[in-house]
Amino acid sequence: MASFSDLTPGIWKVDPAHSEVAFVARHLVVAKVRGVFTEYDATVTIGDSPENSSVSATVQLASLDTRNADRDTHLRSGDFFDVENHPTMTFQSTKITPDTLVGDLTIRGVSRPVTFDVTFNGVTTDPWGNTKAGFEAEAEVNRKDWDLVWNVPLEGGGMLVGDKVKLTIDAELIKSA
């Protein structure tokens with residue numbers, strides 16, 4: 001079983017070719033819409049313990065992709081992310097334990113604390129001699145906490161877009177030299 005002590009202290013960078021930042025939200029009460037952000041960067045500084053470590057990440061909101069161009073355009077608009085005025089979403093950790101990542105998530109200039117449940121998948125060396133580490137992280141947030149309040153009531157009850165959004169991160173990190 002992998003443990004935090006398997007990580008070498010130092011700077012680790014996310015490998016976007018082998019990572020994913022995704023979200024899931026309810027649509028029409030009965031279905032889910034899934035999306036990913038394709039442009040992001042993260043630096044993980046590993047200390048001698050989780051408490052002495054940190055994570056800093058930036059996501060380019062214009063890179064969102066839900067496999068529907070009209071929906072993507074609407075999500076980038078002032079009704080949701082307002083990408084023209086707020087092009088990025090950022091995360092800065094405030095506390096790390098072996099099982100959780102706590103930090104401030106900033107969207108549209110609003111910062112709120114978020115707690116991710118974390119699974120550490122281990123450390124390995126790739127065929128080119130690079131040290132890699134894998135993590136999964138998941139959190140559920142209420143989009144209204146970031147003033148993402150646009151919605152449409154449905155005739156049969158409920159709303160077009162659910163308030164709760166699941167955030168998932170599958171990260172492969174590479175140890176900096």
Side-chain angles (χ1 to χ4, degrees), residues 11-28 31-46 53-96 100-121 126 130 132-151 159-176:
I11 305 296
W12 295 71
K13 296 289 285 178
V14 71
D15 178 354
H18 300 103
S19 300
E20 181 178 77
V21 176
F23 61 93
V24 178
R26 282 273 171 205
H27 181 253
L28 293 172
K32 294 179 182 177
V33 168
R34 300 172 192 283
V36 297
F37 296 97
T38 60
E39 294 178 30
Y40 48 86
D41 184 46
T43 300
V44 179
T45 303
I46 300 296
S53 302
S54 66
V55 175
S56 178
T58 301
V59 173
Q60 300 300 320
L61 293 173
S63 75
L64 76 87
D65 181 4
T66 65
R67 298 183 324 262
N68 181 290
D70 291 339
R71 179 174 44 232
D72 294 349
T73 298
H74 189 209
L75 288 171
R76 291 181 188 113
S77 78
D79 285 343
F80 287 97
F81 290 121
D82 191 15
V83 169
E84 186 174 320
N85 295 304
H86 303 281
T88 62
M89 168 173 58
T90 61
F91 179 84
Q92 181 61 55
S93 65
T94 56
K95 180 180 178 184
I96 299 175
T100 61
L101 171 61
V102 181
D104 294 323
L105 180 64
T106 302
I107 304 170
R108 290 180 61 136
V110 177
S111 295
R112 297 278 186 258
V114 173
T115 299
F116 286 89
D117 294 323
V118 175
T119 301
F120 174 49
N121 295 323
D126 71 17
N130 299 302
K132 301 280 189 102
F135 289 89
E136 296 173 29
E138 186 174 292
E140 186 173 89
V141 299
N142 186 323
R143 65 189 179 89
K144 289 182 176 179
D145 290 343
W146 287 270
D147 297 331
L148 302 172
V149 297
W150 182 92
N151 224 334
M159 301 297 277
L160 180 65
V161 181
D163 291 342
K164 300 214 186 263
V165 178
K166 183 191 286 187
L167 305 173
T168 59
I169 301 166
D170 289 312
E172 183 175 303
L173 305 177
I174 184 168
K175 176 81 166 63
S176 296

Is the shortest heavy-atom distance from the side chain of Leu105 to the side chain of Leu167 under 4.5 Å? yes
Counting only N and O atoms by type, is there a donor-acceptor contact under 3.5 Å from the side chain of Ser77 to the main-chain atoms of Asp79? yes
Please say whether more than 12 non-hydrogen atoms of neighbouring residues, nucleotides or ligands are located less than 6.0 Å from NZ in Lys166. no
Only counting residues at least two apart or in another chain, list the ones meeting salt bridge (charged side-chain N to carboxylate O under 4.0 Å, His left out) with Asp41. Lys13
Heavy-atom closest contact (Tyr40 atom, Pro16 atom, distance): OH-O, 3.5 Å
Out of the candidates Asp163, Thr115, Val114, only one should pair with Val141 under the side chain to side chain contact (heavy atoms under 4.5 Å, CB included) rule; please name it. Val114
Phe23 and Val36 have their tightest heavy-atom pair at CE2-N, 3.9 Å
Main-chain N/O of Gly162 paired to Arg143 side chain as donor or acceptor, under 3.5 Å: yes
Would Thr100 and Val118 count as a side-chain contact (heavy atoms from CB on, under 4.5 Å) here? Give the steps. CA-CA 5 Å; Thr100 61; Val118 175; 5.6 Å; no
With side chains defined as the heavy atoms from C-beta onward, is the minimum distance between Arg26 and Lys32 less than 4.5 Å? yes
For Arg34, does its backbone N or O pair with a side-chain atom of Arg67 as donor and acceptor, under 3.5 Å? no
First locate atom OG1 of Thr119, then atom CZ of Phe135, and finally report the distance between them rounded to the nearest 0.5 Å. 10.0 Å
Shortest non-hydrogen pair, Arg76 vs Leu64, comes out as NH2-O, 2.8 Å
Pick one: which of Asp72, Thr66, Asn68 meets side chain to side chain contact (heavy atoms under 4.5 Å, CB included) with Asp70? Asn68
Please report the interatomic distance NZ(Lys144) to CZ(Arg112), rounded to the nearest 0.5 Å. 14.0 Å
Between His86 and Phe81, ring centroids under 6.0 Å: no
From Thr58 OG1 over to Gln92 CD, what is the distance, rounded to the nearest 0.5 angstrom? 9.0 Å
Any chance you could measure Ile174, atom CD1, to Asn130, atom CG, to the nearest 0.5 Å? 4.0 Å
Go through the structure and list residues passing salt bridge (charged side-chain N to carboxylate O under 4.0 Å, His left out) with Asp82, not counting sequence neighbours. none
Taking all heavy atoms of Ala42 and all of Ala57, pick out the closest pair and write down the distance. CB-CB, 3.8 Å
Within this structure, what is the CG-CG distance for the pair Leu173 and Asp15, rounded to the nearest 0.5 Å? 8.5 Å
dist Asp65:CG -> Phe37:CZ (nearest 0.5 Å) comes out at 10.5 Å
Could you check whether Ser19 and Glu172, counting side-chain N and O atoms only, form a donor-acceptor pair closer than 3.5 Å? no
